[in-house]
Amino acid sequence: MTLYESIKSINFFNNLKKDELDKLLDFSSISKYKKDSILFYESEKNNRLLFLVKGLIKIYKFDKFENEIFLYHIYENSMISELNSIYENEIICFSNASFIEDSTVLSIDFEKFQEHFLDNNLLVKELMQELLHKTHQLQCLVNRELVFDATAKVAFMLYDDLKMFNSLKRQEVSFMLHIQPETLSRVLKKLSRDGIIDYNQSEIIIKDEIKLSNIFKGVGG
């Protein structure tokens, strides 16, 4: 995929005209990364606005005992960068990012992006939408870690990202949700007994989305 095709594949840039896309090409580039490689570490600083063109990224931190704390995934066609200001050229990384799959990343000079686009009221709404999405991810993270019990955690992941749940080993899901594997198995069996899911060792099928969503909706809200 060429640089131009990569930019066109990102919904963020859908409303740009041909001359605007050409201008963006002048200060953009694409990079390919292998599975398990690191994109950036927490507290690193850079001046590039990053988008995931293809692949999958894990965002995580470490606690004081050096235990990995999973935060969330970034999927293709999404902004990677965590912005704390649109008035500064430097972007601070607030967490660690590594690749779960072979991936392609679009990189844009943030200072020039501000000069040629944001300062001319171009892509401002799109950037706001991406930042709101980041805020929503944070809200989900707060609920998951501070509000939801084990059943709500499992129900939310099944409802929100069934494909990811089914692609992972049960131990990996337990690690992500910060619950014991035995607890995950117990919750899945209960949801199956209640007729909410069809549960076997290889795949989960949701039978009643309304009952599933009712488990976590309103909790912490």
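Only this structure's heavy atoms are used, side chains among them; waters, hydrogens and symmetry mates stay out.
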side-chain contact (heavy atoms from CB on, under 4.5 Å) evaluation trace for Leu52 with Asn77: CA-CA 6 Å; Leu52 184 60; Asn77 195 14; over 6 Å; no
Please determine whether residues [X] and [Y] belong to a single hydrophobic cluster, defined as Ile, Leu, Val, Met, Phe, Trp and Tyr linked transitively by side-chain heavy-atom distances below 4.5 Å.
| X | Y | value |
| --- | --- | --- |
| Leu138 | Ile57 | yes |
| Leu71 | Ile92 | no |
| Met1 | Phe12 | yes |

Quick one: does any side-chain atom of [X] pair with a main-chain N or O of [Y] as donor and acceptor, under 3.5 Å?
| X | Y | value |
| --- | --- | --- |
| Asn166 | Ile204 | yes |
| Ser103 | Phe99 | no |
| Ser185 | Pro181 | no |
| Thr183 | Ile179 | no |
| Asp109 | Glu111 | yes |

Where at least one partner belongs to residues 63-84, residue pairs that pass salt bridge (Lys or Arg N to Asp or Glu O under 4.0 Å), sequence neighbours excluded: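 Residue pairs with at least one partner in residues 63-84: Lys58-Glu68.
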Distance (rounded to the nearest 0.5 Å) between [X] [atom1] and [Y] [atom2]:
| X | Y | atom1 | atom2 | result |
| --- | --- | --- | --- | --- |
| Leu177 | Glu145 | CG | CD | 8.5 Å |
| Leu83 | Phe94 | CG | CZ | 9.0 Å |
| Ile80 | Phe51 | CD1 | CZ | 9.0 Å |
| Glu5 | Ile10 | CD | CD1 | 12.5 Å |
| Ser78 | Asn11 | OG | CG | 9.0 Å |
| Asn47 | Gln114 | CG | CD | 10.0 Å |

Listed partners of Asp160 passing side-chain contact (heavy atoms from CB on, under 4.5 Å), at least two apart: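 Per chain and number, Asp160 pairs via side-chain contact (heavy atoms from CB on, under 4.5 Å) with Phe156.
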Non-neighbouring partners of His133 that pass side-chain contact (heavy atoms from CB on, under 4.5 Å), sequence neighbours left out: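 With neighbours one apart ignored, the set is Gln137.
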Residues Arg144, Met157; criterion side-chain contact (heavy atoms from CB on, under 4.5 Å); working and verdict: CA-CA 10 Å; Arg144 190 188 77 201; Met157 185 173 181; over 6 Å; no
Worked check of side-chain contact (heavy atoms from CB on, under 4.5 Å) between Ile59 and Asn96: CA-CA 6 Å; Ile59 301 297; Asn96 307 286; over 6 Å; no
Within a strict 4.5 Å, meaning less than it, do heavy atoms of the [X] and [Y] side chains meet?
| X | Y | answer |
| --- | --- | --- |
| Lys189 | Tyr199 | yes |
| Glu209 | Ile206 | yes |
| Val154 | Ile215 | no |
| Met79 | Leu49 | yes |
| Leu50 | Ile91 | no |
| His73 | Ile100 | yes |
| Ile205 | Leu162 | no |

side-chain contact (heavy atoms from CB on, under 4.5 Å) evaluation trace for Lys207 with Ile197: CA-CA 5 Å; Lys207 298 174 66 176; Ile197 64 171; 5.6 Å; no
So, using side chain to side chain donor-acceptor pair (under 3.5 Å) as the criterion, who are the partners of [X] when residues are at least two apart?
| X | answer |
| --- | --- |
| Glu101 | none |
| Arg48 | Ser107 |
| Thr151 | none |
| Glu42 | Lys61 |

For Lys34, salt bridge (charged side-chain N to carboxylate O under 4.0 Å, His left out) partners two or more places apart: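 Listed in chain order: nothing, the list is empty.
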Cut-off 3.5 Å, no hydrogens considered: what does the side-chain donor-acceptor table look like for residues 117-131, sequence neighbours left out?
| residue | atom | partner | partner atom | Å |
| --- | --- | --- | --- | --- |
| Asn120 | ND2 | Glu115 | O | 3.4 |
| Asn120 | ND2 | His116 | O | 3.1 |
| Glu126 | OE2 | Asn15 | ND2 | 3.2 |

Co-members of the apolar cluster containing Phe175 [side chain, <4.5 Å]: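 Its cluster mates, by chain and number: none.
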Co-members of Tyr41 in a cluster of I, L, V, M, F, W and Y side chains, linked at under 4.5 Å: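 In the cluster with Tyr41 are Ile38, Tyr60, Phe62.
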Residue Ile210 excluded, over 12 heavy atoms near CD1 under 6.0 Å: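 Atom CD1 in Ile210 is not crowded, with 12 or fewer foreign heavy atoms closer than 6.0 Å.
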Over 12 foreign heavy atoms within 6.0 Å of NZ, Lys134: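 Yes, the 6.0 Å shell around NZ holds more than 12 heavy atoms from other groups.
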Atom pairs and distances, side-chain donor-acceptor, residues 19-31, under 3.5 Å, sequence neighbours left out:
| residue | atom | partner | partner atom | Å |
| --- | --- | --- | --- | --- |
| Glu20 | OE1 | Lys17 | N | 2.8 |
| Asp22 | OD1 | Lys18 | NZ | 3.2 |
| Asp22 | OD2 | Lys18 | NZ | 3.0 |
| Ser28 | OG | Leu24 | O | 2.7 |

Salt bridge flag under 4.0 Å for residues Lys153 and Asp149: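 Salt bridge flag = no for Asp149 with Lys153.
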Closest non-hydrogen atom pair, Val53 against Ser9: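 That closest heavy-atom pairing would be CG1-OG, 3.6 Å.
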